[in-house]
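All values derive from a computational prediction rather than experimental measurement. First the proteins, then the strands, lettered A, B, ... as listed; each starts at 1.
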Protein chains: 2
Amino acid sequence: MTEEFKTSKPIYSQIADRIIQQFVRGEIRPGEKLPSVREMAIQSGVNPNTIQRTYGELERMGVVESRRGQGTFMTEQIEMRNQLRADIQRDIVAAFIENMRGIGLEDREIAYAVEQFLVKREEDK
Amino acid sequence: MTEEFKTSKPIYSQIADRIIQQFVRGEIRPGEKLPSVREMAIQSGVNPNTIQRTYGELERMGVVESRRGQGTFMTEQIEMRNQLRADIQRDIVAAFIENMRGIGLEDREIAYAVEQFLVKREEDK
DNA sequence: CCTAGTGTACTATGTAACTAATACACCAAT
DNA sequence: ATTGGTGTATTAGTTACATAGTACACTAGG
């Protein structure tokens with residue numbers, strides 16, 4: 001499974017985002033072992049050094065814990081999941097509002113645009 | 001006025017975004033002359049080449065028109081403004097929805113989050 | 001003990017993006 | 001014609017990123 005990566009963002013960061021998403025969605029459980037840097041590198045079709053950078057970034061955030069000789073594990077702290085989701089959600093919404101106001105939209109227009117987009121998507125099913 | 005730029009995105013692109021925003025908001029009128037590459041460079045505290053890249057990108061989009069020896073001007077086509085706003089708005093909303101669904105949120109939760117954020121901001125005033 | 005698998009560290013290389021500095025080409029006004 | 005202001009082109013330097021290769025440290029299991 002050789003994935004595709006966007007060129008606008010570093011690969012190591014995109015992989016980190018994916019892991020966090022999977023954790024927040026419950027697809028990765030607290031304390032679960034992640035693939036080794038070498039194995040994850042093969043899965044993702046990148047260099048092991050890139051994965052190490054990914055794990056290092058996640059460890060700096062406190063999301064994973066690396067144990068030499070054993071592997072890299074998702075954090076045991078279950079409250080981290082809700083906290084992560086809350087923080088990420090806040091950042092996403094804040095950036096969205098800022099972008100929309102940047103093109104001159106008022107609050108009611110912003111809310112309306114979201115509703116319309118979701119309704120339209122529903123119709124496309 | 002030496003502005004601050006994010007490191008995650010090229011400066012020339014951030015300046016281009018700002019110009020488009022000003023145009024969409026009506027702060028820059030169709031056909032209006034923009035500052036020269038050198039003057040804009042001084043205003044923004046960057047190299048003239050960075051501004052040239054900004055103008056080049058905008059010209060490629062058809063938003064501005066550069067005339068050698070005269071200057072760079074906003075497009076005369078007034079319909080470009082609405083088209084730009086519509087396109088940008090669609091991209092912003094689409095990216096927002098994708099991000100929110102990425103952390104496992106359903107459509108109703110997404111709409112609710114936007115409403116809550118706007119209500120909270122209103123209270124902060 | 002020994003081996004395999006793990007994370008970690010280090011150097012080197014290549015590439016691309018961004019920024020910078022400089023020189024050149026054009027236009028308008030004097 | 002000259003001058004000043006304009007866009008344009010070329011070249012170079014810096015940085016971040018990704019890759020490659022190698023070596024080391026630790027752990028678990030046989």
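Counting any heavy atom pair closer than 4.0 Å across all strands shown, A/Thr7 reaches no nucleic acid atom.
The salt bridge (Lys or Arg N to Asp or Glu O under 4.0 Å) analysis of residues 40-53 of chain A, with sequence neighbours excluded, yields no pairs. Screening residues 71-84 of chain A for side chain to side chain donor-acceptor pair (under 3.5 Å), with sequence neighbours left out, gives A/Ser66-A/Thr72.
For A/Ala111, the side-chain contact (heavy atoms from CB on, under 4.5 Å) test picks out B/Leu118, with sequence neighbours left out. By the side-chain contact (heavy atoms from CB on, under 4.5 Å) test, A/Lys9 is found to be paired with A/Ser13, A/Gln14, A/Asp17, residues two or more places apart in sequence or in another chain being considered.
Residues A/Pro30 and A/Ile78 approach most closely at CG-CG2, 3.9 Å, considering heavy atoms. Residues B/Arg67 and B/Glu65 approach most closely at NE-OE2, 3.8 Å, considering heavy atoms. For the pair B/Ile103 and A/Val24, the tightest heavy-atom approach, listed with the atom from each and the gap, is O-CG1, 3.5 Å.
Looking at residues 56-66 of chain A, you'll see A/Glu59, A/Ser66 sit with a heavy atom under 4.0 Å from some atom of DNA chain C.
Here the P atom of nucleotide C/dG5 and the NZ atom of A/Lys33 are 12 Å apart, to the nearest Å. D/dA9 atom P lies 17 Å from atom OH of B/Tyr55, rounded to whole Å. Spacing between atom CD1 of B/Ile51 and atom P of C/dT19 amounts to 9 Å, rounded to whole angstrom units. When rounded to the nearest whole Å, the span between CG of B/Leu34 and P of D/dG5 equals 19 Å. If you measure from atom CD of A/Gln52 to atom P of D/dC17, you get 15 Å, rounded to the nearest angstrom. Atom-to-atom, NZ of B/Lys6 to C1' of C/dC18 comes out at 18 Å; the value is rounded to the nearest Å.
Between the A/Arg38 side chain and the A/Pro48 main chain, no donor and acceptor come within less than 3.5 Å of each other. Within the 3.5 Å criterion, the main-chain N or O of A/Glu106 finds a donor-acceptor partner in the side chain of A/Glu109.
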So if I define the base as every atom that isn't primed, P, OP1 or OP2, how would nucleotides 19-30 of chain D read as a B/S/- string at a heavy-atom cutoff under 4.0 Å?
BBB-B-BBSS--

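Judged by closest nucleotide on DNA chain D, B/Ser36 is the one of A/Tyr12 and B/Ser36 placed further toward the 5' end. Comparing B/Glu39 and A/Lys9 by the nucleotide of DNA chain D whose heavy atom lies nearest to each, the residue mapping closer to the 5' end is B/Glu39.
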